[in-house]
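Report on one structure; see the data block that follows.
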Amino acid sequence: MNVIDRVDRVVLLNEEGIATGTAPRLEVHSADTPLHLAFSCYITRDDGQVLMTRRALGKRTWPGAWTNSCCGHPRPGENPEVAVERRIHEELGMRISELTIMLPDFRYSATDASGVLENEVCPVYLARTADVPRPDPDEVAEYQWVSWDDVTLAARQTPWLLSPWSALQLVALSEVAA
C-alpha cells in the first residue's frame, strides 16, 4: 500500500457506529456506499455570520451545491477535531480559534442526481475564525458569509437549494440552539 492509499482512506462503520475497517475514499462513494465516518463544520466569525460554501463544479457528489463551511472524513486513527482543522486549512486556507461539537450523533444518507449514495455518520462542529477564506478551487466554487437566521430559513423553506446534509444539519442546529 502506497502513502496516498494509507492516508486517503475512510473509516467504515457498522450500524452501531463502531469502526469495522477502512476503504479508499475515492472508491467508497458509489451507488452502494457503505456506512462510514465523516464530519461537517460551520465556521462563524465575530459578527455572528456563518460561512456557507458552494461545492466546486468538479466535485463527484452534489457539484455546485451550497453547503456547510467545510466537510470531510477523518483518516484512520486521526482525532476528529484534528481532521476538521486539517480540512478547513486544506479547503479554505483558514485557521480556527475554537471548535465545538454540536451534533455528535448526526447521521444521514442521500443519493445525488448521478446515483452516488452518501451514507455517513457525520458529527457536526461549530468553529470560530477571524481569517478570510482563501478557498481551494478544486473544493469550493464560491463562498458567502450569511446570518444564521437567513440560512436556517433557507434550510426550512427551500432545502433543495442546499446539500441534503446541510439542510438537515441547519434545522437540527437551530433546534439545539433554541
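For this chain, numbers begin at 1 and follow the sequence in order.
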**Contacts of type side-chain contact (heavy atoms from CB on, under 4.5 Å), residue Thr158, not counting sequence neighbours** = Ala154, Trp160, Leu161

**Request:** Start with the C-alpha gap between Met102 and Tyr42, add the side-chain angles, then the distance that decides, and say whether side-chain contact (heavy atoms from CB on, under 4.5 Å) holds.
**Result:** CA-CA 10 Å; Met102 299 298 293; Tyr42 293 83; over 6 Å; no

**Complete:** Between the CZ atom in Arg55 and the CD atom in Glu91, the distance rounded to the nearest 0.5 Å is 8.0 Å

**Prompt:** Which residues pass the ring pair (Phe, Tyr, Trp, His ring centres under 6.0 Å) test with Tyr108, sequence neighbours left out?
**Reply:** Phe106, Trp165

**Asked** With clusters built from Ile, Leu, Val, Met, Phe, Trp and Tyr whose side-chain heavy atoms come within less than 4.5 Å, directly or transitively, what are the remaining members of the cluster of Leu57, listed by chain and number?
**Response** none

**Asked** What pair of heavy atoms forms the shortest contact from Ser69 to Val50, and how long is it?
**Response** OG-CG2, 4.4 Å

**Request:** Please list, chain by chain and in numerical order, all residues satisfying side chain to side chain donor-acceptor pair (under 3.5 Å) with Asp112, sequence neighbours excluded.
**Result:** Ser114

**Request:** Please round to the nearest 0.5 Å and tell me the distance separating atom CG of Leu126 and atom CG of Asn68.
**Result:** 12.0 Å

**Fill in**
Quick note, salt bridge (charged side-chain N to carboxylate O under 4.0 Å, His left out) partners involving residues 102-111, not counting sequence neighbours, are Glu15-Arg107

**Complete:** Apart from Tyr125 itself, members of its ILVMFWY cluster (side-chain separation under 4.5 Å) are Phe39, Ile43, Leu51, Val84, Ile88, Leu92, Met94, Ile96, Leu99, Ile101, Val132, Val140, Tyr143, Trp145

**Item:** Non-hydrogen atoms of Met52 and Ser166 that approach each other most closely
**Value:** CE-OG, 3.8 Å

**salt bridge (charged side-chain N to carboxylate O under 4.0 Å, His left out) pairs, two or more places apart, involving residues 137-154** = Arg54-Glu142, Lys59-Glu139, Arg87-Glu139

**Asked** Atom OG1 of Thr129 and atom CG of Asp46: how far apart are they, to the nearest 0.5 Å?
**Response** 9.0 Å

**Item:** Listed partners of Arg45 passing salt bridge (Lys or Arg N to Asp or Glu O under 4.0 Å), at least two apart
**Value:** Asp47

**Item:** In one Ile/Leu/Val/Met/Phe/Trp/Tyr side-chain cluster, 4.5 Å: Val146, Leu168
**Value:** yes

**Item:** Nearest atoms (heavy-atom pairs only) where Ala110 meets Pro164
**Value:** CB-CG, 3.6 Å

**Message:** Does Trp62 form a side-chain contact (heavy atoms from CB on, under 4.5 Å) with Thr67? I'd like the steps, not just the answer.
**Reply:** CA-CA 9 Å; Trp62 282 274; Thr67 193; over 6 Å; no

**Prompt:** Going by side-chain heavy atoms closer than 4.5 Å, which hydrophobic residues are tied to Leu12, directly or by a chain of links?
**Reply:** Val10, Val28

**Asked** Under 3.5 Å, is there a donor-acceptor pair between the side chain of Asp131 and the main chain of Arg95?
**Response** yes

**Item:** Gln169 and Ser40 side chains, donor-acceptor separation under 3.5 Å
**Value:** yes

**Message:** With a 3.5 Å distance limit and no angle check, can you tell me whether Thr44 reaches the backbone of Ala127 through a side-chain donor-acceptor pair?
**Reply:** yes

**Request:** Only counting residues at least two apart or in another chain, list the ones meeting side chain to side chain donor-acceptor pair (under 3.5 Å) with Thr100.
**Result:** none

**Prompt:** Can you list every pair that meets salt bridge (charged side-chain N to carboxylate O under 4.0 Å, His left out) and has a residue in residues 22-42, with sequence neighbours left out?
**Reply:** Asp8-Arg25

**Asked** Is it the case that Thr22 and Arg75 place a side-chain donor and acceptor less than 3.5 Å from each other?
**Response** no

**Request:** Report yes or no: does Arg128 contribute a side-chain atom to a donor-acceptor pair with the main-chain N or O of Glu98 at less than 3.5 Å?
**Result:** no

**Asked** Would Thr61 and Glu118 count as having a side-chain donor-acceptor pair, cut-off 3.5 Å?
**Response** yes

**Message:** Can you tell me how far apart CG (Leu170) and CH2 (Trp148) are? Round to the nearest 0.5 Å.
**Reply:** 6.0 Å

**Request:** Please answer whether the main-chain N or O of His29 pairs with a side-chain N or O of Arg60 as donor and acceptor at a distance below 3.5 Å.
**Result:** yes

**Complete:** Scanning both residues in full, the closest heavy-atom pair of His73 with Glu78 reads O-OE1, 4.4 Å

**Request:** With rounding to the nearest 0.5 Å, note down the distance linking CD in Glu175 to CG in Leu103.
**Result:** 9.5 Å

**Non-hydrogen atoms of Asp136 and Glu90 that approach each other most closely** = CB-O, 3.7 Å

**Request:** Compare every heavy atom of Thr33 with every heavy atom of Leu117, then report the nearest pair and how far apart it is.
**Result:** O-OG1, 2.5 Å

**Under 4.5 Å side-chain linkage, directly or through intermediates, the cluster mates of Leu37** = Val11, Leu13, Leu35, Val121

